[in-house]
Amino acid sequence: MKKHYCFVILFMICSTFSYAQKVGLVLSGGGAKGLAHIGVIRVLEENNIPIDYVTGTSIGAIVGALYASGYSPDEMEALFKSDAFYFWSTGKIQEEYRYFFKKQELDPGWIELNMKKKDDKLKLLLPTNLIPQEQMDFAFMELLAATNAICGYNFDQLMVPFRCVAADVYNNEPVILKSGDLGAAIRASMTVPLYFKAIEIDGKLMFDGGIFNNFPKDVMKDEFKPDIIIGHKVVDGSRSPETDDVMEQITNMVMRPTDYTIDAGEGILLETKFENVGLLDFDKIDFTKNAGEETAEGRIDSIKSIISRRVTPEEVNRERRAFNNRKPKLIFQNIQVEGVTDPTQRRYIIQSIKHKVNTFTLDEFKKEYFKLVADEQIKSMRPIAYYNTETGYFDVHLKVEPQSKLKVNVGGNVSTKPINMGFFGVDYRVFRDRAYSLSSNIYFGRFYSSFKFGGRIDFPFQLPFYVAGYSTLNRWDYYSSSSELFFEDVRPPFIIRNEFNFRFEAGFPLAVHKKLSTGLSYSNSRDEYYQLKVFNKNDVPDYTDFNALAMYLSFESNSLNNKQFATEGTHKSLTLKYISGKEENVPGSTSNLVGNNSANHSYYVLKGYYNKYYNIGKAFTLGILVEGVYSDKKPFSNYTATVLSAPVFTPTPHSKSLFIEEFRANKYVAGGLKAIVHLKNQLQFRVDGYGFVPVRTILRDGNQNAVYNGETFTDLNLQVMAALVYQTGSVPVSLMVNYYDKSETKFYVSLNIGYVLFNKRGF
């Protein structure tokens with residue numbers, strides 16, 4: 001009889017488990033609004049509501065996949081609040097991975113356009129995405145490679161079975177992703193057109209699944225057949241876009257209508273509505289997550305009424321720990337390269353990452369990966385990690401897209417001042433077992449014009465190095481740049497500087513941000529100037545020619561985030577130059593000198609530079625800049641020639657466009673502070689204040705000769721810049737007010753779109 005009762009009890013237990021309610025969670029797309037999904041999941045867990053299956057689209061796919069992979073709500077929240085997420089969601093490279101050694105010489109380019117030969121014609125390749133994908137692709141590999149290893153690339157074997165939806169671009173149909181690389185699956189599901197680059201899976205280009213199905217309730221029913229469905233919707237219906245909101249217009253065009261309803265017999269729909277949360281407003285996570293929690297808590301009684309089964313948080317955490325404990329550590333051994341056919345190109349990429357070691361860690365891989373991302377020869381690179389059960393290590397498959405050989409760079413500076421200049425550059429790039437780059441550019445404008453041609457060769461040895469050579473023709477016309485919008489000198493000084501130089505240099509990295517370089521250059525320069533500030537149009541200027549050879553040795557470290565108006569990072573350098581040349585002077589009609597004269601000059605210049613930014617909270621940054629120069633250079637034939645050839649302190653963009661005697665000296669110390677207030681997204685207000693102290697001031701005597709002040713450190717000259725700056729992503733827009741402690745005009749107001757950057761001089 002006891003055996004009979006035991007059998008009945010066992011049968012009842014088995015029947016209970018066999019027919020226990022299975023609960024499916026459906027998460028909609030919606031960009032940053034989808035962070036509310038985390039709040040919903042947290043409330044469900046805290047109230048013992050089971051989650052047996054998950055389906056999602058776009059941000060719903062990301063949150064759902066992380067949860068299915070063993071990430072708790074707290075861990076997901078910490079991830080989305082982390083600096084790492086900020087960088088991979090914006091495509092920006094964090095400071096520790098900005099590989100300075102691969103950086104080309106700075107230029108004022110706004111946009112890079114690649115060109116490709118097809119059918120014997122050159123085809124212009126327009127940008128396909130606003131946000132670079134390399135950060136994101138590496139992040140998904142880092143987050144989910146170990147999960148792939150233990151689930152065997154089968155999404156049914158995750159901690160919670162999972163599905164997501166992507167859009168097949170070619171066949172114009174939705175694709176349900178249920179196996180393969182989990183990182184690639186969610187990367188496909190959230191790839192919003194134009195924001196992110198399409199990803200290829202099984203030979204098909206994939207975009208955001210929201211194009212066809214932004215709420216995969218039907219996928220949940222067909223794939224898992226749960227007893228109850230809990231759906232969470234975070235998107236509003238489509239609305240009429242504004243005329244200047246291109247992305248909203250495109251979203252409306254590509255997104256198909258989606259059915260968000262859940263019938264009463266199927267389950268329950270939770271809906272969280274937002275007003276001012278944009279597609280990429282991930283910094284509002286606290287607001288969106290809390291809103292999701294409020295939504296779930298407001299409906300928790302209704303949820304409990306239709307779901308009788310309970311799973312305690314302790315049971316979920318125990319299952320999560322058991323799942324996560326099976327994940328292998330990310331240690332890599334072999335590298336395979338796809339997308340390049342030339343074996344020398346594969347060898348270049350593999351050597352750049354692995355060098356000669358047998359295995360390498362995630363941190364080691366990450367450093368070398370971002371070095372390659374910075375390489376001019378690589379257009380895109382997606383890492384996929386496959387677990388090798390025989391070796392116990394991961395093998396890396398790199399899907400590489402080489403950069404097109406021809407690149408066009410367009411930019412310059414548009415200003416309310418006469419410092420407008422256009423810029424056009426062309427690069428031709430090839431790589432085999434080493435990387436070759438030929439480059440040429442031209443600047444054209446009233447103030448500055450230039451032409452440069454040269455090339456660089458990179459050698460990817462265990463200690464990489466490069467050699468480069470450039471020939472440059474420069475011209476500065478300070479007469480054209482002197483008139484102002486609100487202030488105008490009675491007679492501005494007239495100075496024209498022409499220079500031709502040829503530079504040869506070599507360098508190698510000392511660390512991620514550091515490099516050591518050395519070089520040799522020849523320069524032929526001519527300065528044309530008047531000795532007086534009041535002259536007639538019939539006056540003849542002085543001419544000073546200086547033909548010289550220069551050698552230098554330089555240590556430089558640079559991790560700044562922007563090439564102009566930086567807000568984070570450090571830039572420091574120490575450079576020693578030795579210059580030897582011959583000066584020839586032809587006096588003009590405003591000179592007191594009679595007859596031509598010449599002199600030989602040999603001197604050294606030691607320059608130190610330090611520029612660092614400290615983030616003090618999210619809204620304020622403090623910067624410090626210190627610069628010092630020491631030289632044994634003797635005076636040139638006259639005062640103006642001496643000042644023109646002296647080192648100059650130009651810490652702001654506008655100061656680079658003026659000839660100011662008060663900020664030139666052969667020996668000086670200078671520095672200042674920068675206060676930056678981050679107003680919104682890429683908008684900043686900054687105030688820079690600097691002081692310049694020459695060791696000995698260069699003075700003009702009665703015969704227009706240059707003499708040094710007998711006393712040291714007697715003069716202090718100030719300059720201040722107040723600017724409102726908006727970083728558009730490709731070009732800064734700035735409204736600047738500049739003050740200079742000098743004679744005549746002191747205040748300058750300008751509106752600029754672009755960069756004030758020049759080609760290098762010979763010395």
Side-chain angles (χ1 to χ4, degrees), residues 447-451 471-482 491-503 520-551 577-605 629 631-648 658-667 694 696-709 759-763:
F447 164 63
Y448 176 70
S449 55
S450 179
F451 175 77
S471 180
T472 309
L473 182 64
N474 290 309
R475 176 185 173 92
W476 288 267
D477 185 348
Y478 290 99
Y479 181 85
S480 299
S481 67
S482 299
R491 175 63 70 175
F494 176 25
I495 298 171
I496 295 178
R497 312 199 71 183
N498 291 291
E499 186 227 17
F500 168 78
N501 69 70
F502 176 77
R503 298 178 287 116
L520 175 69
S521 67
Y522 167 76
S523 177
N524 182 320
S525 66
R526 164 167 285 198
D527 294 335
E528 303 176 24
Y529 51 90
Y530 292 93
Q531 295 283 3
L532 302 176
K533 294 188 177 181
V534 178
F535 54 87
N536 297 317
K537 64 179 181 179
N538 294 325
D539 281 326
V540 178
D542 282 38
Y543 295 92
T544 295
D545 294 339
F546 187 51
N547 301 323
L549 284 173
M551 296 179 290
K577 293 182 180 179
Y578 176 76
I579 301 168
S580 180
K582 184 177 182 179
E583 175 204 7
E584 295 185 353
N585 176 256
V586 179
S589 60
T590 60
S591 175
N592 291 339
L593 300 178
V594 178
N596 301 350
N597 61 84
S598 63
N600 294 319
H601 296 274
S602 294
Y603 57 95
Y604 69 85
V605 179
V629 170
S631 173
D632 65 344
K633 178 175 172 289
K634 299 295 189 292
F636 272 33
S637 58
N638 59 63
Y639 169 79
T640 305
T642 302
V643 174
L644 275 170
S645 63
V648 58
L658 298 178
F659 172 72
I660 308 177
E661 301 172 21
E662 287 82 357
F663 293 93
R664 291 173 174 266
N666 290 317
K667 305 181 185 73
R696 296 175 65 191
T697 305
I698 303 173
L699 303 174
R700 184 199 300 261
D701 68 8
N703 293 319
Q704 299 174 345
N705 292 318
V707 295
Y708 289 113
N709 190 347
N759 281 328
K760 287 186 177 181
R761 298 197 66 190
F763 52 83

Exercise for the section: Could you tell me if the ring centre of Phe447 sits under 6.0 Å from that of Tyr478? Expected result: yes
Exercise for the section: Report the residues that fulfil side-chain hydrogen bond (donor to acceptor under 3.5 Å, both in side chains) with Asn703, sequence neighbours left out, ordered by chain and then residue number. Expected result: none
Handout entry: Taking every non-hydrogen atom, the tightest pair across Lys760 and Asn501
Key = O-ND2, 3.3 Å
Exercise for the section: Could you check if a side-chain atom of Asn474 sits within less than 4.5 angstrom of a side-chain atom of Tyr448, using non-hydrogen atoms only? Expected result: yes
Problem - Nearest-0.5 Å distance, CG of residue Asn709 to CZ of residue Arg696 - result: 7.5 Å
Exercise for the section: List in chain and number order the residues that pass side chain to side chain contact (heavy atoms under 4.5 Å, CB included) with Asn538, two or more places apart in sequence or in another chain; answer none if no residue qualifies. Expected result: none
Exercise for the section: Answer whether the closest heavy-atom distance between the side chains of Phe500 and Ser471 falls below 4.5 Å. Expected result: yes
Exercise for the section: Kindly say whether Leu473 contributes a backbone atom to a donor-acceptor pair with the side chain of Ser450 at under 3.5 angstrom? Expected result: yes
Practice task
Return the minimal non-hydrogen interatomic distance between Ser523 and Gly762, and the atom names on each side.
Solution key: CB-CA, 4.2 Å
Problem - Nearest heavy-atom neighbours spanning Asn666 and Ile698 - result: ND2-CD1, 4.1 Å
Problem - Approximate separation, where rounding is to 0.5 Å, of Tyr543 OH and Ile496 CD1 - result: 8.5 Å
Fill in the blank from the handout: Minimal heavy-atom distance between Ala550 and Ile579, with the atoms involved, is CB-CG1, 3.9 Å
Practice task
Could you check Glu528 against Asn498 for side chain to side chain contact (heavy atoms under 4.5 Å, CB included), going step by step and ending with a plain yes or no?
Solution key: CA-CA 8 Å; Glu528 303 176 24; Asn498 291 291; 3.9 Å; yes
Fill in the blank from the handout: Sequence neighbours excluded, the answer for salt bridge (charged side-chain N to carboxylate O under 4.0 Å, His left out) partners of Asp542 is none
Handout entry: Results of side-chain hydrogen bond (donor to acceptor under 3.5 Å, both in side chains) for Thr697 - residues two or more places apart only
Key = Asp715
Practice task
Look at the aromatic rings of Tyr603 and Phe546 and report parallel, tilted or perpendicular, splitting at 30° and 60°.
Solution key: parallel
Handout entry: Pairing residues for Asp539 by the side-chain hydrogen bond (donor to acceptor under 3.5 Å, both in side chains) criterion, not counting sequence neighbours
Key = Ser589
Practice task
Might you work through the side chain to side chain contact (heavy atoms under 4.5 Å, CB included) test for Val648 and Phe659, ending with a clear yes or no?
Solution key: CA-CA 9 Å; Val648 58; Phe659 172 72; over 6 Å; no
Practice task
Decide yes or no for Lys667 and Tyr708: does some side-chain heavy atom of the first lie under 4.5 Å from some side-chain heavy atom of the second?
Solution key: no
Show me, pair by pair, the donor-acceptor contacts under 3.5 angstrom made by side chains of residues 631-640, not counting sequence neighbours?
{"from": "Ser631", "atom 1": "OG", "to": "Tyr604", "atom 2": "O", "distance (Å)": "2.8"}
{"from": "Ser631", "atom 1": "OG", "to": "Lys633", "atom 2": "N", "distance (Å)": "3.1"}
{"from": "Asp632", "atom 1": "OD1", "to": "Tyr604", "atom 2": "N", "distance (Å)": "2.9"}
{"from": "Lys633", "atom 1": "NZ", "to": "Ser645", "atom 2": "OG", "distance (Å)": "2.8"}
{"from": "Lys634", "atom 1": "NZ", "to": "Asp632", "atom 2": "O", "distance (Å)": "3.4"}
{"from": "Ser637", "atom 1": "OG", "to": "Glu583", "atom 2": "OE2", "distance (Å)": "2.8"}
{"from": "Asn638", "atom 1": "OD1", "to": "Tyr529", "atom 2": "OH", "distance (Å)": "3.4"}
{"from": "Asn638", "atom 1": "OD1", "to": "Gln531", "atom 2": "NE2", "distance (Å)": "3.4"}
{"from": "Asn638", "atom 1": "OD1", "to": "Thr640", "atom 2": "N", "distance (Å)": "3.1"}
{"from": "Asn638", "atom 1": "OD1", "to": "Ala641", "atom 2": "N", "distance (Å)": "2.7"}
{"from": "Asn638", "atom 1": "ND2", "to": "Tyr529", "atom 2": "OH", "distance (Å)": "2.9"}
{"from": "Tyr639", "atom 1": "OH", "to": "Glu661", "atom 2": "OE1", "distance (Å)": "2.7"}
{"from": "Thr640", "atom 1": "OG1", "to": "Gln531", "atom 2": "OE1", "distance (Å)": "3.1"}

Handout entry: Contacts of Leu549 that satisfy side chain to side chain contact (heavy atoms under 4.5 Å, CB included) - sequence neighbours left out
Key = Tyr522
Handout entry: Step-by-step side chain to side chain contact (heavy atoms under 4.5 Å, CB included) determination, Asn524 to Phe502
Key = CA-CA 9 Å; Asn524 182 320; Phe502 176 77; over 6 Å; no
Completion exercise
Sorted by chain and number, sequence neighbours left out, salt bridge (charged side-chain N to carboxylate O under 4.0 Å, His left out) with Arg664 holds for none
Problem - Any residue meeting side-chain hydrogen bond (donor to acceptor under 3.5 Å, both in side chains) with Arg497, in chain and number order, not counting sequence neighbours - result: Asp527
Fill in the blank from the handout: Residue set satisfying salt bridge (charged side-chain N to carboxylate O under 4.0 Å, His left out) with Arg700, at least two apart, ordered chain then number -> none
Handout entry: Listed partners of Arg475 passing salt bridge (charged side-chain N to carboxylate O under 4.0 Å, His left out), at least two apart
Key = none
Table please: side-chain donor-acceptor pairs of residues 591-600 below 3.5 Å, with sequence neighbours left out.
{"from": "Ser591", "atom 1": "OG", "to": "Leu593", "atom 2": "N", "distance (Å)": "3.0"}
{"from": "Asn592", "atom 1": "ND2", "to": "Gly702", "atom 2": "O", "distance (Å)": "3.4"}

